[in-house]
Student: 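My questions will all concern the structure given below.
Note that these values count all heavy atoms, side chains included, but never hydrogens, waters or copies made by symmetry. Whatever order the structure lists ligands and atoms in, that order sets their numbers, starting from 1.
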Amino acid sequence: MSVKTIWHIEHACGHPADRDLSNRPADRRAGFAEWLATQECTDCWRAAKQDDEQERAAWLAAKRAEEQAESDAWSQQYEMPPLDGTERAVPWAVRCRHQLMTAAFTALVLEGETTEAQWEQIEDAARTVTRAGWWLDQRASDPEDLPELLQAATDADRSSENPFF
Ligand SMILES: [Zn+2]
């Protein structure tokens, strides 16, 4: 008589299952069946995994909403204008602007040589850049480069007023 291939497993979650162990060597089946019995059944395992994923997605969405609320509040407090762009790009760009501006303030004013008066000029320049795409493009930029980046953006704006371009 050969070693059986279908094993009846009582899983740890309480669900019974008949498992086909024919793809395991005959002398490993009993050990494997024993190990299987310490595990949840496939359905429970899948359900748990799905719960984890849903939980993670919900956590991410909540975190995102919290960041958005913070960025919106910051934009109002510092009188940063609404941005222009697609429905999808704008909220993201508002968060990027908030992050970059606060990081730049830390790097330039708190830890650097920039005066409050100079910083106000930087803020003024930032208020003129309302293209969501521009702020998204700067998300990997070094915050210390912000004045130079804004300078380039405002120069570009001026050249775009040139009727030949
Ligand atoms: Zn189960």
Student: From the Zn ion (ligand 1), how many protein N/O/S atoms are found at a distance short of 2.8 Å?
Tutor: 4

Student: Indicate whether the side chain of W74 and that of E70 have a donor and an acceptor atom separated by less than 3.5 Å.
Tutor: no

Student: Measure from the side-chain N and O atoms of R139 to the backbone N and O of R97, and report whether any donor-acceptor pair falls under 3.5 Å.
Tutor: no

Student: In the structure I gave you, are the side-chain heavy atoms of W134 and L149 within less than 4.5 Å of one another anywhere?
Tutor: yes

Student: Restricting to salt bridge (charged side-chain N to carboxylate O under 4.0 Å, His left out), what partner residues turn up for D72, sequence neighbours left out?
Tutor: none

Student: Output yes when K49 and D52 qualify as a salt bridge under the 4.0 Å nitrogen-oxygen rule, no when they do not.
Tutor: no

Student: Between R127 (side chain) and M80 (backbone), is there a donor-acceptor pair under 3.5 Å?
Tutor: no

